[in-house]
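Heavy-atom basis, side chains included; hydrogens, waters and symmetry copies ignored.
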Amino acid sequence: GTGSGSLSHALIRTVAPTGHLYTVEFHQQRAEKAQEEFREHGVEHLVTVTNQDVCKNGFGVSNIADAVFLDIPSPWEAIGHAKSALKAEGGRICSFSPCIEQVQRTCLAMEEYGFTEINTLEILLRVYNVRTISLQIPDLGNAAEDNSSAGFDSSDPSNQGSLCSNLQQGTVQFKSGVPLREMVGHTGYLTFATKS
């Protein structure tokens, strides 16, 4: 699914200047909008946009893709077409799904079509609260002991300033990151496999 075209733009930058992206969108208006944006951004020579249902009609290419990325509601229905679109050997497939049940069905379809190295990663949104913290440097007592053992006379008025600076505790500042206690959002899963 081409959707907004943001991932397509990232993929185009990756394959440019010699590669080509084939992207398929089920909704005609979204496909037309993406095509218009690719033209406006000067990358239309690097991308072909097709308006069709990949689950029923496939990707419109055979045996040429190095990789296929699926971002559709029922990716398991497109696995056979993805296999046909991938080059003869070693092509990779990646499927994004927000629900683990979708992942399970997709993995079963990948196994059925002979894909190997099936691997799923969870994507979890985790926002960190970064702030500057000041901590007092602890007095470990070394400065006072060192001064007294060296014959340092604290009753001598000329040594009072030196004693105060040695015993005075300082602070140090640093950045700290802590995850928020509650996260608004949902997880997702990326499933990868290799055409054998």
Would you please say whether a donor-acceptor pair under 3.5 Å links the side chains of Thr171 and Gln136?
no
Val24 and Phe38: same hydrophobic cluster, using ILVMFWY side-chain contacts below 4.5 Å?
no
Count I, L, V, M, F, W, Y as connected when their side-chain heavy atoms are under 4.5 Å apart, and connections chain through other members. Are Leu46 and Val15 then in the same cluster?
no
Thr191 and Thr120: CA distance, side-chain angles, deciding distance, side-chain hydrogen bond (donor to acceptor under 3.5 Å, both in side chains) verdict
CA-CA 4 Å; Thr191 300; Thr120 299; 3.0 Å; yes
Scan residues 75-85 for pairs that pass side-chain hydrogen bond (donor to acceptor under 3.5 Å, both in side chains), counting only residues two or more places apart or in two chains.
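Sorted pair list: Ser74-Glu77.
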Which donor-acceptor pairs under 3.5 Å do the side chains of residues 96-106 make with protein atoms, sequence neighbours left out?
from   : atom 1 : to     : atom 2 : distance (Å)
Gln102 : OE1    : Cys99  : N      : 3.1
Gln102 : NE2    : Pro73  : O      : 2.8
Thr106 : OG1    : Gln102 : O      : 2.8

Can you find a heavy atom in the side chain of Thr50 that is under 4.5 Å from one in the side chain of Thr23?
no
Using atom types as modelled and distance alone, determine if a side-chain donor or acceptor of Lys175 lies under 3.5 Å from a backbone N or O of Val130.
no
Taking Glu25 for its side chain and Thr2 for its backbone only, find out whether a donor-acceptor pair lies under 3.5 Å.
yes
Run the side-chain hydrogen bond (donor to acceptor under 3.5 Å, both in side chains) test against Glu32 and tell me which residues pass, sequence neighbours left out.
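Scan of Glu32 (side-chain hydrogen bond (donor to acceptor under 3.5 Å, both in side chains), adjacent residues dropped) gives Gln28.
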Give the minimum heavy-atom separation between Phe192 and Leu121, together with the two atoms involved.
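Heavy atoms of Phe192 and Leu121 come nearest at CE1-CD1, 3.8 Å.
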Qualifying residues under salt bridge (charged side-chain N to carboxylate O under 4.0 Å, His left out), relative to Asp71, sequence neighbours excluded
none
Would you please name every residue forming a salt bridge (charged side-chain N to carboxylate O under 4.0 Å, His left out) with Glu117, sequence neighbours left out?
Arg92
Run Ile133 and Gln173 through side chain to side chain contact (heavy atoms under 4.5 Å, CB included) and show every step you take.
CA-CA 6 Å; Ile133 295 177; Gln173 291 187 334; over 6 Å; no
If I take atom CD from residue Glu36 and atom NE2 from residue His41, how far apart are they, to the nearest 0.5 angstrom?
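Glu36 atom CD to His41 atom NE2 measures 9.5 Å (nearest 0.5 Å).
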Distance-only donor-acceptor pairs under 3.5 Å for side chains of residues 52-63, two or more places apart:
from  : atom 1 : to    : atom 2 : distance (Å)
Gln52 : NE2    : Gly58 : O      : 2.7
Asp53 : OD1    : Cys55 : N      : 2.9

